[in-house]
2 protein chains.
Amino acid sequence: MRMFPAMRVKISGLDPHQQYYIAMDIVPVDNKRYRYVYHSSKWMVAGNADSPVPPRVYIHPDSPASGETWMRQVISFDKLKLTNNELDDQGHIILHSMHKYQPRVHVIRKDCGDDLSPIKPVPTGEGVKAFSFPETVFTTVTAYQNQQITRLKIDRNPFAKGFRDSGRNRMGLEALVESYAFWRPSLRTLTFEDIPGIPKQGISNANFG
Amino acid sequence: MRMFPAMRVKISGLDPHQQYYIAMDIVPVDNKRYRYVYHSSKWMVAGNADSPVPPRVYIHPDSPASGETWMRQVISFDKLKLTNNELDDQGHIILHSMHKYQPRVHVIRKDCGDDLSPIKPVPTGEGVKAFSFPETVFTTVTAYQNQQITRLKIDRNPFAKGFRDSGRNRMGLEALVESYAFWRPSLRTLTFEDIPGIPKQGISNANFG
DNA sequence: TAATTGACACCTAGGTGTTAAAGT
DNA sequence: ACTTTAACACCTAGGTGTCAATTA
C-alpha cells in the first residue's frame, strides 16, 4: 500500500543541465520492535527488531530528468508503495510492522546511476547525495493504534472520502495536523550546500492493512 | 486517446545483457487526405495531406531494460496515446484526421539513446533498428465510418463493455476479425537478422473522439 | 491478548462509444 | 454535407478504512 501522507520535497543547487535520478529508500531507525501503550499514548520498546528484509529502492517515476526539471517542480513520492510481505515481487518497499523507520531521499547523477536498481541498495560515493528529515520518522502498523491517525488519514486522503463525517468537529484536527511535522510542512527543501537547521520532532504513521 | 487495437510484438536476436530502449512512432503513408465512400466501403483520395505535425515518440514505459527482459515478454503498446491537437503538451502522438499512417517499432541500444526524447525524431544509425508492418497501416477518423469498426471496438475493448449487446450475432464478427490483420495476428515478431516475409494487406483504425 | 488478513462498500481516476450541438 | 467537439452514462482499475475472522 501507498505511504500516506506522502513525502514531498523541493530541490535547489542542482546543475540545470545535468541529468539526475531521484530515489527514496526507508531505513530502520534502531534495532527495536515497538508496541503502542494506549493509556499513555506512547510507543514503547517491546523487544529487538525482526531480521532484516531485502533492500528496495523507489526510483521516482520522472527519473531520469535534468536538474532544471527537478528544481522547477515539487517532487512527490505519493506513488511509493510499502508492504510487509518479505517475498514481494512487485518492487514495493518491504518493512516490518511495529518498527520505526526513516525515509531517505537520494539524488544521483545520471552517470553514477548505472547500477541503480529497485532491488539493490542505493549506490554511494561521488555524485550521490542522501537526505534524511528526522521529522519524517514513522512507526509501521497493520491496524491504527489511535483515533487521531485514523482521522488524519480519512480527512486528508482523497481515497478515504467515503468515511468522512462532514459534520465532524474540525477543531481537534487542526491542532493534530500542527503536531505532525510530516504532514503540515509537508514539503521539505533539499540543498546541496546545506541541510536546513535541526527540524522539530514528529511522528508519522503507515499501515499495512 | 489510446490506439486500439494496440500493437503487440515479440523480439528475438537481442544481446541478453545489453540495455535497450524500445519506442514507437507513426509516420504518414503518403501525401494524401482521404474520405470514406460509404456505398463502395472504400477510402478514396480527397486532396493533399495537411501540413506536417510536430514529431512525437512513444517510449515504451519498461525502457530501458535488458535484451533478456524484452525478449521474455510480449511488448504491448496499449498505453500509447494519440491526439489531433497540434498544440498538445502531454507528449501524445499528434496525427491528422482522415490520413493514412504507419506505426513503426524502434529498438535502440541504450548507449545510442542519449538524445532519445518524446518530442524529437527517433535517432538513426548504428545501434538503432526500425520495424514496420504494412498490415498495421490505419486511417485516422474522429467518427467511425462503418459499423464493422464500431463493433470491433465495442466487442474487444474492455472499456467499451457498457455498449455490448450480449445477444448479438457473433457470426459476422469472427469473419471481420479475420480480415483485420492488425487485430488477428495481433502479435508481430521482430528479428535483428531478418524481417519476416511480406505481410498481407490490412487496415486498422483509430479515432480521435 | 494483540496483531494480521481478506471481503466489503465506497471512493478517485480515467478509458469507452453515443448523442446532440457546433464548426467548416 | 461532412467533420469535430463536449457532456454523458457506463465501464475498468485500483486506493480507502471497516469489520469479522484468523493467526501467533
- Nearest-Å distance for atom pair CZ/P, residues Arg164(B) and dT18(C): 13 Å
Enumerate all atom pairs, one protein N or O and one N or O from nucleotides 22-24 of chain D, separated by less than 3.5 Å.
none

- Provide, to the nearest angstrom, the distance between the CG atom belonging to Leu95(A) and the P atom belonging to dA3(C). 17 Å
- Pi-cation contact, Phe4(B) with Lys153(B) (under 6.0 Å, within 45°): no
- Aromatic centroids of Tyr21(B) and His60(B) separated by under 6.0 Å: no
- Item | Nucleotide nearest Ala143(A) (side chain, heavy atoms from C-beta), chosen from dG17(C), dT18(D), dT4(C) | dT4(C)
Pairs under 3.5 Å (N/O, protein and nucleotides 8-12 of chain D):
| unit_1 | atom_1 | unit_2 | atom_2 | d |
| --- | --- | --- | --- | --- |
| dT12(D) | OP1 | Lys161(B) | NZ | 2.9 |

- Query: Below 4.0 angstrom from OP1 or OP2 of dT4(D), is there any side-chain N or O of Ser97(B)?
  - Reply: yes
- Query: So, Arg56(A) side chain and Pro118(A) main chain: donor-acceptor pair closer than 3.5 Å or not?
  - Reply: no
- Okay, side chain of Gln145(A), backbone of Ala143(A): is any donor-acceptor separation there less than 3.5 Å? yes
- Position toward the 5' end of DNA chain D (nearest nucleotide), Arg33(B) or Lys81(A): Arg33(B)
- Out of dT18(C), dT3(D), dG17(D), minimum distance to the side chain of Ile154(A) belongs to dG17(D)
- Separation of Lys153(A) atom NZ from dG17(D) atom P, in whole Å? 6 Å
- Task: Ignoring hydrogens and angles, tell me if any N or O in the side chain of His96(B) forms a donor-acceptor pair with the backbone of Ser51(B) under 3.5 Å.
- Result: yes
- Message: Can you tell me how far apart CG (Asp165(B)) and CZ (Arg151(B)) are? Round to the nearest 0.5 Å.
- Response: 9.5 Å
- Task: Please report, rounded to the nearest Å, how far the C1' atom of dT3(D) is from the NE2 atom of His99(B).
- Result: 12 Å
- Decide side-chain contact (heavy atoms from CB on, under 4.5 Å) for Tyr144(B) and Leu152(B); before the verdict, give the C-alpha distance in whole Å, the side-chain angles of both, and the deciding distance to 0.1 Å. CA-CA 11 Å; Tyr144(B) 298 142; Leu152(B) 174 65; over 6 Å; no
- Message: If I take atom NE2 in residue His92(A) and atom P in nucleotide dG14(D), what distance separates them, rounded to the nearest angstrom?
- Response: 11 Å
- Task: Indicate whether the side chain of Asp78(A) and that of Ser76(A) have a donor and an acceptor atom separated by less than 3.5 Å.
- Result: yes
- Task: State which of dA3(C), dT18(C), dT16(C) makes the closest approach to the side chain of Thr142(A).
- Result: dA3(C)
- Leu82(A) CG to dT4(C) P, straight-line distance once rounded to whole Å: 14 Å
- Message: To the closest 0.5 Å, what do you measure between CD1 (Ile59(B)) and CG (Leu116(B))?
- Response: 4.0 Å
- Gap between atoms CG and P, on Asp165(A) and dG17(D) respectively (whole Å): 16 Å
- Note on the structure: Atom CG of Asp78(B) and atom P of dG14(C) are separated, to the nearest Å, by 16 Å
